[in-house]
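First the structure, in the form of C-alpha cells, and then the observations on it.
Remember, it's 1-based here, ligands and their atoms both numbered in the order they're listed.
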Amino acid sequence: MIRIKKLSKKKRPNSFLILFLIVIGATWFLANSNEILNPPIEVSISEFQEDVRSGDVYEDQITVYENRIQYAVSENERRYAYKENTALVSDILDKEALEGLNVLVSPPNDFWRIVLEMAVPLIFGIFLLMFFLSRIQGANNKAISFGNSKARVHDKTKDKTTFKDVAGALEAKEELEEVVDFLKSPKKYQKMGAKIPKGVLLVGPPGTGKTLLARAVAGEANVPFFSISGSEFVEMFVGVGASRVRDLFKKAKRNAPCIVFVDEIDAVGRKRGAGLGGGHDEREQTLNQILTEMDGFEQGSNVIVMAATNRPDVLDPALLRPGRFDRQVTVDKPGIDDREAILKVHADNKPLAKSVDLRTVAKQTPGMTGADLENIMNEAAIYSAKRDRKSITQKALESSVEKVALGPERKSKVMTEKEKKITAYHEVGHALVGHLLSECDPVHKVSVVSRGMALGVTWSLPQDDLNMYSRTKFEHKLSSLLAGYVAEEVFFGETSTGPSNDLERATSIAKRMVTEFGMSELGPVTFGEKKHEVFLGKDMAHTKNYSEAMAEKIDFLVNEILNKAYLRAKKIVTEYKDLMVEISEDLLKKEDLSRSEFLEYFEKAGVEAPLPN
Ligand code: ADP
Ligand code: MG
Ligand code: ZN
C-alpha cells in the first residue's frame, strides 16, 4: 500500500523497544501483584505472639529482616511486626511455639532485591515518559516541517499498480506506454538524440482513472512515484506552496528515474492574473515554482512530471508550452466494452453468481465512469454481505446500479396520499410521453419511491453512448421533461412545486439550443461567451456580446421552443388519458414498474410506439 514517508529525521522509538518495556513492566507487576494488591498489614508484637500461639501462621513460616518479622495468616493476608533491634525471635516466642515454626532470617541489606524492586518500576517509568515526550516532539516537528512537501511515495515493491489494473482506456495506455519505455531505458532515446518528454498531462472527467493511470505508469516502469495534489498547495501561508514544490522536486531528482505526479493541477495551474484580488497570490507562486522546476531539469535527469486535470480549459497556457506539459493524454468516459472490462476488474476479488451478466450491467450504466462502476461493484458486495449471501447476484448488481444512478431509496420519507398520487401521475407523464416519442431514450423504470431529493423517478437509458444530439432529439426530450408538469395540470387542474427542476432543465436546454447550437430561426450563430471562466470574478463580470434587441429575440425563441414542446406533451397526455390513469393507479399500488411491466400496458391497449411524427 501507500506508505507515508516520515519527513523528520528523528526516529520514533521503535515499536520493539516499546513492546519490550511493556513486557518487563507487566512481568514486574505480575510478580509483585500480590504485594501490590494485598499489602501486608502491620500488627503489634503481641498480636504476632497471639497468631503464633493459636497456630494461625500460614505454612508455619516466618521471615525476619533485621527488626521486621514477616508472616502470613492466609495465602493473601500477610502481616508484619517490628521487634526491638536487640531482641531475638527466641526472646519473643516461647520455646514450644518456636519449635513448630520455620524461621528464615534474611540477610540485612538484600541489595539486589532492593535494586530490582526500586529500579524496575523507575526504569519503566522513565521510558514511558520518554515515549510520550518523543510523541509530543514529533507533533512539534510536524508543525515546523510543513514547508516540506507532503509528497507520498509509492512503495514500489508492494501492491504495484500496473496497466492490467486499468481496464479499457486503450489509447491512453498506448500513449503512456512510450513514457514507460523512456523511464525504463532512457539511454536508448538519448543515443537517438531524442528529447525525453518532461511533462504529461492527463485530461478527463473525474473518476475516469487518471490517478490510476499515473500510478500504473510508475508501476510498469518500476520507478518511485511521488504524488501530490494541487489542492494541498492551497495553504494558509503564502510561500509555503512554492517551498513545497521545491522540496518535492529536490527529492524527485535524488530518486531519479521517477515520476512526480501533480493531481488536480487546475487547483494551482489556473490562468494567472485572472483572479479578483491582485495577481500575486499563493496559487500563482506555486505555479511559477512548478514551471521553474520543470525548466530547470537538465536533459537526462529522468524525472517525468505527470499531472491530471478535468479542466484543461482553465489551465494557464504557460503550463502547456513545449518543454512543459507538452504531451496531453485524454482519458474519456468508458464506452460499453470498457465499462464491461472495468466491471470485470473490480469483480476480480468478489464471488459472482454464475448467472451474473456484466454486459447487462454495462448496458445500464451509460455515462458512468470507472469510479462509479467500482462503486457499483462495491455496493453490490455490501448488499450481498448484509443479506448473508454466498455470492453476488444479478439482482444485487441491478439494485446497486439503481442506487448509484438514482440515489438511495428513502422509503421512510413521509408523503401524503395526495402527494403520492400527484407524483405517480407526474412520473407516468414523463414515461408515457418519453415512450411514445421516437427520439426519447427507452424507459427503464418508473418509481414513486423517493430517492434523495426526488419524490419519484422515471429512469430512461440511452441505447448507445451518444456523442451528438439532433434538434428533434432535443425537442422530444423537452416534451418528456415537461410531461410531468402537463400531467399534473391535466389530472389535478393545477401544478405543484414538483416540476420546478424539470422546468429548470428544460429552460436551460431550450436556451442552449438557441444560443449555442444554432437550432432556431436565428440560424448558425452563438451568443454570449462560453462559460469557461477562470474565477468567480470573471463569471460575475460575464460580458454580453449581443444587443438588448437580440436578447429579446432570444427570449422569445426560447419561449417558443418550450411552448411547442409543452403543446406536444399536452396533446399526447390528453389523447392517452385513460392509459395514463390505468398505469398511474397501478404504479401507486406497486410503487415500481419495470420496463417490461410498463410495456405491457401499451401492448394490451394496442398502442404502437413510437407515434408517427
Ligand atoms: P480520476 O483521477 O480520473 O478522478 P481515479 O484514478 O481516482 O480517477 O479513479 C477512481 C477509481 O475508479 C480508481 O481507483 C479505480 O478503482 C476506478 N477506475 C477508474 N477507471 C478505471 C479503469 N479504467 N479500470 C479500472 N478501474 C478504474
Ligand atoms: Mg484523481
Ligand atoms: Zn419530473
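- Taking a 4.0 Å cut-off on heavy atoms, H346 registers as neighbouring ligand 1.
- Ionic pairing of E340 and K344 is present here: one or more N-O contacts between side-chain nitrogen and carboxylate oxygen are shorter than 4.0 angstrom.
- No hydrogens or angles considered: a donor-acceptor pair under 3.5 Å links the side chains of R568 and S479.
- Side-chain contact between I342 and E374 is absent, with no heavy atoms from C-beta onward closer than 4.5 Å.
- Using modelled atom types, one finds a donor on one side chain and an acceptor on the other under 3.5 Å when comparing Y425 with E585.
- Note on ligand 1: D165 sits in its first shell, one or more heavy atoms being nearer than 4.0 Å.
- Contacts between I342 and ligand 1 below 4.0 angstrom, taking non-hydrogen atoms only, involve the side chain exclusively.
- Contacts of N501 classified as side chain to side chain donor-acceptor pair (under 3.5 Å), with partners at least two apart in sequence or in another chain: none.
- The CG atom of D316 sits 7.0 Å away from the CG atom of L291 when rounded to the nearest 0.5 Å.
- Taking 4.0 Å as the cut-off, G168 does not count as a neighbour of ligand 1 on heavy-atom distance.
- Ion pairing between a basic and an acidic side chain is recognised when a charged N comes within 4.0 Å of a carboxylate O; K420 and E591 show such pairing.
- For the residue pair Y383 and K403, no side-chain donor N or O sits within less than 3.5 Å of a side-chain acceptor on the partner.
- Annotation: protein N, O or S atoms under 2.8 Å of the Mg ion (ligand 2) (waters excluded) comprise T211 OG1.
- The single protein non-hydrogen atom nearest to atom 2 (O) of ligand 1 is T211 OG1, 2.5 Å, given as residue, atom name and distance.
- Atom CD1 of residue I392 and atom CE of residue M377 lie 5.0 Å apart, to the nearest 0.5 angstrom.
- Between G207 and ligand 1, at least one pair of N/O atoms sits closer than 3.5 Å.
- Residues satisfying the side chain to side chain donor-acceptor pair (under 3.5 Å) test with R595, not counting sequence neighbours, are none.
- Contact annotation: for V331 versus ligand 1, there are no heavy atoms closer than 4.0 Å.
- A donor and an acceptor atom, one from each side chain of N378 and H346, are nowhere located under 3.5 Å apart.
- Distances between N or O atoms of A371 and those of ligand 1 include at least one value under 3.5 Å.
- Between the choices G370, A167, G209, the shortest heavy-atom distance to atom 22 (C) of ligand 1 belongs to A167.
- With a 4.0 Å cut-off on non-hydrogen atoms, K210 touches ligand 1 through its backbone as well as its side chain.
- The aromatic rings of H444 and W459 sit perpendicular, their planes meeting at an angle over 60°, well past the 30° parallel limit.
- Around the Zn ion (ligand 3), the protein N, O or S atoms found under 2.8 Å comprise H426 NE2, H430 NE2, D502 OD2.
- For atom 21 (C) of ligand 1, the closest non-hydrogen atom of the protein is L212 CD2, 3.8 Å.
- In summary, the atoms of ligand 1 found under 4.0 Å from a heavy atom of V166, numbered by their order in the structure, are 23 (N), 24 (N).
- With 3.5 Å as the limit, one finds no donor-acceptor pair spanning the side chains of E489 and T495.
- Using the six-membered ring where Trp is involved, H435 and F598 have ring planes that are perpendicular, over 60° apart on the 30 and 60° scheme.
- No side-chain donor-acceptor contact under 3.5 Å links D263 and S229.
- A308 does not count as a contact of ligand 1, since none of its heavy atoms falls under 4.0 Å from the ligand.
- Taking a cut-off of under 4.0 Å to the non-hydrogen atoms of P206, the atoms of ligand 1 that pass are 4 (O).
- The line from CE of M580 to CG of L587 is 10.0 Å long, rounded to the nearest 0.5 Å.
- In this structure, a donor-acceptor pair under 3.5 Å is present between the side chains of E488 and S496.
- For atom 14 (O) of ligand 1, the closest non-hydrogen atom of the protein is E374 OE1, 3.8 Å.
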